[in-house]
Amino acid sequence: MPELPEVETVRRALAPVLEQQFIAAAFVGRDDLRWPLPENLAARLLGRRFTSVDRRGKYVLMHLDQQDILLLHLGMSGSIRIYDTPPPLGKHDHIMLTIAASPTASATHYVVLNDPRRFGWVDVFPAAHQDSHKLLRHMGPEPLGNGFSAAHLQMVFKGRQGPVKNALLNQQLIAGIGNIYASEALFHAGISPRRKAATVRGQRAERLAAAVVKTLRAAIEDGGTSLRDHVQPGGEIGYFVQRLAVYGRAGQPCQTCTTPIKMIVQSGRSSFYCPRCQG
DNA sequence: CGGCATCCCTGGGAGC
DNA sequence: TGCTCCCAGGGATGCC
């Protein structure tokens, strides 16, 4: 599922359910997802209190008492569901946290991580290590934060001979953009996905930066994009799928000029664009 | 360092 | 209906 907007919908759903609440029970159904889970994960989580729920790129960072962070990445097929009664666990429900107002109070919520392909991952580490964490330390700025601008894009694209589409997917340059929103942002900026990243400067960089921000914000408003796996934690689908201009629309008319949308493969991933508007 | 191919894994849909 | 094949929103890794 999950690019920045989908992960943000997860964060927004989790925050009010978790903050200042305790883990009264923890079920961990296997010892690895993409990588081995932290040893004794269930025991380490039991009795802990959540302080706040943040997001960084495509990661959810759940802050725990004792200055720890519970990190979650949903990979390609992961989803979080929140229930108020104990749900039956399915084959791919790997982790369930029982949430309560105190470690021994009766449950208020059940938070379940489902991930059929198991490309997701989970870690627990001291908050002090966040900046040095292997998976976080090289991540680029948040596109919806203060560190992102056309000037930033131009700077990180400088010298890059590869296509701008690939550069947008590079989490070290900008955090949180995945295959859907890379195509969408490029369409809204009127830039071909094949254009060499280094040539996105000046007005083009301005248009792209603005399109990235606008596209991501609109998708968050709609609860993300549901193609096959993504559901919001309350079970709602993400409605941005109805607003996709090019992604998944090969052969359909461009909404601006009616030219058929084209699909190409770049570094093994599909890209969609209008050959006329994004010449 | 940049760029590309490969790999991890399961399930859904297309095509026969 | 049932089988096979291909594809999928992620990123680490290793090779050139």
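In what follows, chains carry the letters A, B, and so on, assigned in the order in which the sequence lines appear, proteins first and then strands, with residues in each chain numbered from 1.
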Check: Counting heavy atoms not belonging to Q67(A), are there more than 12 under 6.0 Å from its CD?
Finding: no
Next item on the list: Using a cut-off of strictly less than 4.0 Å, decide whether R117(A) has a side-chain nitrogen or oxygen near OP1 or OP2 of dG11(B).
Entry: no
Check: Does R269(A) make a side-chain N or O approach to OP1 or OP2 of dG11(C) shorter than 4.0 Å?
Finding: no
Note to self: Please tell me if H92(A) has a side-chain N or O lying less than 4.0 Å from either OP1 or OP2 of dG11(B).
What the structure shows: yes
Next item on the list: Under 4.0 Å between any heavy atoms, over every strand shown, what does N166(A) touch: base, sugar-phosphate, or nothing? Just pick one.
Entry: sugar-phosphate
Notebook entry, point to check: Which one is paired to dA8(C), where only Watson-Crick or G-U wobble pairs with both distances under 3.5 angstrom count?
Noted result: dT10(B)
Notebook entry, point to check: Has K91(A) got a side-chain N or O lying under 4.0 Å from the OP1 or OP2 atom of dG11(B)?
Noted result: yes
Next item on the list: Whole angstrom is fine here: how far is it from NE2 in H73(A) over to P in dA12(C)?
Entry: 8 Å
Note to self: Check the phosphate of dG2(B) against R160(A), side-chain N and O only, distance under 4.0 Å to OP1 or OP2. Yes or no?
What the structure shows: yes
Note to self: In whole Å, measure the gap between the P atoms of dC9(B) and dC3(C) for me.
What the structure shows: 24 Å
Next item on the list: Can you label the angle between the H73(A) ring and the Y59(A) ring as parallel, tilted or perpendicular, going by 30° and 60°?
Entry: perpendicular
Checklist line | dG11(C) phosphate, OP1 or OP2, under 4.0 Å from Q171(A) side-chain N/O | finding: yes
Item checked: Selected nucleotide, minimal atom distance to Q161(A) side chain, candidates dA8(C), dG3(B), dC9(B) -> dG3(B)
Checklist line | Side-chain touch H94(A)/V122(A), heavy atoms, less than 4.5 angstrom | finding: no
Item checked: Student check: side-chain heavy atoms of D31(A) and P36(A) closer than 4.5 Å -> no
Next item on the list: Would you please confirm or rule out a distance under 4.0 Å between OP1 or OP2 of dC4(B) and any side-chain N or O of S267(A)?
Entry: yes
Notebook entry, point to check: Stepwise, does the side-chain contact (heavy atoms from CB on, under 4.5 Å) test hold for E142(A) with R55(A)?
Noted result: CA-CA 10 Å; E142(A) 286 294 317; R55(A) 180 189 54 72; 2.8 Å; yes
Checklist line | Heavy-atom neighbours of R195(A) CZ exceed 12 at 6.0 Å | finding: yes
Margin query: What's R34(A) touching, base or sugar-phosphate or nothing? Going by heavy atoms closer than 4.0 Å.
Written below: base
Next item on the list: Send over the distance from N114(A) CG to dG11(B) P, rounded to a whole Å.
Entry: 10 Å
Margin query: If you compare every side-chain N and O of N179(A) against the phosphate oxygens of dA8(C) (OP1, OP2), does one of them come in below 4.0 Å?
Written below: no
Check: Any side-chain N or O of K134(A) less than 4.0 Å from the OP1 or OP2 oxygen of dT13(C)?
Finding: yes
Notebook entry, point to check: Between L169(A) (CG) and dG10(C) (C1'), how many Å, whole number?
Noted result: 10 Å
Margin query: What is the separation between atom CG on D123(A) and atom C1' on dA12(C), rounded to the nearest whole Å?
Written below: 15 Å
Item checked: Among dG3(B), dG11(C), dT10(B), the nucleotide that comes nearest once only the side chain of W121(A) is considered -> dG11(C)
Check: OP1 or OP2 of dA8(C) sitting under 4.0 Å from any side-chain N/O of S270(A)?
Finding: yes
Margin query: Rounded to whole Å, how long is the line connecting atom CG of D115(A) with atom C1' of dA8(C)?
Written below: 13 Å
Margin query: Base, sugar-phosphate or nothing for Y181(A)? Non-hydrogen atoms, less than 4.0 Å.
Written below: nothing
